[in-house]
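Written below as structure tokens is the structure these notes are about.
Chain letters run A, B, ... following the sequence lines, proteins first and then strands; every chain starts at 1.
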Number of protein chains: 2
Amino acid sequence: MGRKRFQSQVATGPATVRTVADLAGVSIASASRVLNGLGGSPELSARVKAAAERVGYVPNAIARSLQAQRTGLIGLAVADIGNPVYVQMMRAIEAEIADCGRQLLIHATNANAAGETELLRGLARRYVDGMIMSPLRVTEAHLNALAKSAVPVVVVGQLPDDAPIDNVRADSIAGVRLAVDHLVDTGRRRIAMINGPLDTVPGAARDTGFRSALAARGLAPADVEYGDFTFEAGLAAARRLLERSGGTGDRPDAILAANDLIAAGTLHALLAAGVRVPHDVALVGMDNTDITELTFPRLTSVDLGAAERGRRAARLLLSRLDDGTIGPRRETVPPTLVQRDST
Amino acid sequence: MGRKRFQSQVATGPATVRTVADLAGVSIASASRVLNGLGGSPELSARVKAAAERVGYVPNAIARSLQAQRTGLIGLAVADIGNPVYVQMMRAIEAEIADCGRQLLIHATNANAAGETELLRGLARRYVDGMIMSPLRVTEAHLNALAKSAVPVVVVGQLPDDAPIDNVRADSIAGVRLAVDHLVDTGRRRIAMINGPLDTVPGAARDTGFRSALAARGLAPADVEYGDFTFEAGLAAARRLLERSGGTGDRPDAILAANDLIAAGTLHALLAAGVRVPHDVALVGMDNTDITELTFPRLTSVDLGAAERGRRAARLLLSRLDDGTIGPRRETVPPTLVQRDST
DNA sequence: TTGAAAGCGATACCAT
DNA sequence: ATGGTATCGCTTTCAA
């Protein structure tokens, strides 16, 4: 029966509004008001401020969140926080939401689909006002979980067209076409591709795009290899590809890598085999990450707009948090080709 | 005067314990107990669980945190979330704390000292149970703020020896010595260094280490350059260095770069100038980030244990959260040299 | 075993 | 302008 109510607050634990109010000899309501810059007579304000200062009062954000029904936190779920593409995206998102005084809660899903849906069910109702996620693969379970998520979610990546969820996507197909056209325009004809896994959304899209872009120029793939979206996989795939074309004659004169990591691996294999880049083989990566500047020669790469996608996703989410009634929106970020020294 | 208290909860907003309790026809206390797996008769438990299932109940973590006085969130403040070293550290920390069901709240300080102390005063009392920070520079203000932080903080990086704060540090000096010894042992004599800014903690330590390590082998620096800890700065500094030693005669036969980004920039400048690596000039980076594998040739690099430092910092913090009474601890992670193809 | 009620810390709505 | 108090959703005594 509220014993504490009637005993004055001795310095127990960190300061609360009550500590400040007691010290200033005012009600907690007045203390709260002054602390939030609403009303208060000069005299009372001064007393409260002095008291707050003296006890080093810092408002407890948890309590405030409970009352306000919002935390100011935005969740970001990515497969791998080390992947340069996600790093780019994270940076853009962070910058965008920091402007609104919000913070980023980052969660690595480790490309684990079960974990991702669990996240939507759990974490979505945990601490975040909204959430941005970029799943590598999208399953039925994802869609289900997304549909009943308790907070707004924006998905970066491909989603079925009828999914009623805010969605920002890259245009891989157009991106691949940019690369292919660039290679053909600069005289390459035997164009090979080193792709990621076909059962991922980006892998599948890039495969389709590659074949149709070549067909549009009256060409067929010189060769195709698959592996993970990693440097090591790119290195291994490129070695297989080089081995297959033992004679210089049927070696591809250009290779399109499905991302910059694969491209870096490929470059490594080429240089190690004494192949000159771009003289003998032109090389194009995708994602236009920082990696492109680190290699020698620097990599030509298709910018699929990771940063821009992050920025737009953040904006979509922020606007939805302002007004939950707007219908689902879909944005597509157009790719650009950034030519450097590998083509 | 508590109107709501007496009206049954109609489907308003997301389900709460009250929703579940009302639906199951039990008290919220019982509902809470069942939901947390404490007690409850089989019959009652079943009813509550069914009700929770039906309304898709997910506990509100904010409310729980307010009660429990902990959020399960760990804050991480780094200068730049894109820097590969921090990425390594983040990954290690994330993995470590995820095991304990905690999550990472990441904050980019953009190397802004004012922001960092503000963080300690504000965010530390905001949402996190504890915090790991890795400041580039440590000021008086930092130390002050650290001293009165409301939650435990672990600092990754150098701190004054008498600072009563958990602290994990790299041993830059030993790291530089490893590199220098390796270069000398492999026959290099004219060793230059491309360093970061001298007014940063790591920059200063590496400079000291470089000079003393050389002196220990009876050598003097062949040349020294400074710039930021970036690829571009490394590239520019290496160009200046090459220009200075116009004749091949007094060109350094080895360069130590203060981090891998600088090393990559340096490599770029060397290769562009037609210098063979490692034949003409050996090159050693520091931090042993993923970058070392991406370049051609791959970079020999001193591993200052970023991942290990992150892991230890996480462990220190977790143990302190368990028991706040232990005194401040200080750990130093020993460096290792990882030889690759650039030496 | 179950339920009533007291908090956690802050804000907001009332009266005064 | 100021103070009392209900409330956010949950956990946790304390009684019954």
Side-chain angles (χ1 to χ4, degrees), chain A residues 1-7 9 12-48 52 55-72 125-127 129 150-151, chain B residues 1-7 9 12-48 52 55-72 122 125-127 129 150:
Chain A
M1 353 103 197
R3 311 175 220 38
K4 206 158 194 181
R5 235 15 198 288
F6 301 104
Q7 64 185 43
Q9 196 83 1
T12 303
T16 73
V17 261
R18 163 143 261 125
T19 324
V20 175
D22 285 358
L23 184 59
V26 303
S27 72
I28 61 168
S30 297
S32 173
R33 253 169 277 152
V34 171
L35 262 12
N36 288 356
L38 319 165
S41 71
E43 199 271 337
L44 183 144
S45 295
R47 281 219 314 278
V48 170
V55 296
Y57 172 74
V58 180
N60 179 322
I62 314 264
R64 179 179 291 180
S65 297
L66 182 58
Q67 158 72 24
Q69 300 283 48
R70 63 186 284 284
T71 62
R125 273 293 299 285
R126 271 180 74 87
Y127 282 115
D129 292 340
V151 300
Chain B
M1 347 104 198
R3 311 173 220 40
K4 206 162 195 177
R5 243 355 207 294
F6 300 105
Q7 64 185 43
Q9 196 85 1
T12 303
T16 72
V17 261
R18 164 144 260 125
T19 323
V20 174
D22 284 359
L23 184 59
V26 303
S27 73
I28 60 168
S30 299
S32 172
R33 256 169 275 156
V34 170
L35 263 11
N36 288 351
L38 319 164
S41 72
E43 199 270 335
L44 182 144
S45 293
R47 281 220 312 280
V48 170
V55 297
Y57 172 75
V58 180
N60 178 322
I62 313 267
R64 179 179 289 176
S65 296
L66 181 57
Q67 161 71 27
Q69 300 284 51
R70 63 186 284 281
T71 62
R125 272 293 297 287
R126 273 179 74 85
Y127 283 115
D129 293 340

To the closest 0.5 Å, what do you measure between CD1 (A:Ile62) and CZ (B:Arg70)? 11.0 Å
Residues at least two apart in sequence or cross-chain that pass salt bridge (charged side-chain N to carboxylate O under 4.0 Å, His left out) with B:Arg33, listed by chain then number, are none
Nearest whole Å is fine: how far is D:dT7 P from B:Ile62 CD1? 20 Å
Calculate the interatomic distance between A:Gln69 atom CD and C:dA12 atom C1'; express it in whole Å. 13 Å
Working to the nearest 0.5 Å, report the span between CD of A:Gln67 and CG of B:Leu66. 11.0 Å
Please confirm whether the backbone N or O of A:Thr71 pairs with a side-chain atom of B:Tyr127, one donor and one acceptor, at under 3.5 Å? yes
Any donor and acceptor pair, going by atom type alone, linking the side chain of A:Asn36 with main-chain N or O of A:Leu38 inside 3.5 Å? no
Separation of A:Arg47 atom CZ from D:dG3 atom C1', in whole Å? 13 Å
Can you check the B:Arg70 CZ to C:dG9 C1' distance for me, whole Å? 18 Å
Phosphate OP1/OP2 of D:dC10: any B:Ser65 side-chain N/O under 4.0 Å: no
What nucleotide, of C:dA10, C:dT2, C:dG9, holds the atom closest to the side chain of A:Pro59? C:dA10
What distance do A:Ser32 atom OG and A:Arg18 atom CZ have between them, rounded to the nearest 0.5 Å? 12.5 Å
For DNA chain C, which residues of residues 27-36 of chain B approach it to below 4.0 angstrom with any heavy atom? B:Ser27, B:Ala29, B:Ser30, B:Arg33
Please state how far atom CD in B:Gln67 lies from atom P in D:dT12, giving the value in whole angstrom units. 6 Å
In whole Å, I'd like the distance from the OH atom of B:Tyr127 to the C1' atom of C:dG9. 12 Å
Residue closer to the 5' end of DNA chain C, B:Ala68 versus B:Leu44 (nearest nucleotide): B:Leu44
By nearest-nucleotide position on DNA chain C, the 5'-leaning member of B:Leu66 and B:Gly39 is B:Gly39
When you measure from the side chain of B:Tyr57 to the backbone of B:Leu35, do you find a donor-acceptor pair of N or O atoms at a distance under 3.5 Å? no
What is the separation between atom CG on A:Leu38 and atom C1' on D:dT2, rounded to the nearest whole Å? 14 Å
Under 4.0 Å: is that the gap between some side-chain N or O of B:Thr16 and OP1 or OP2 of D:dC8? no
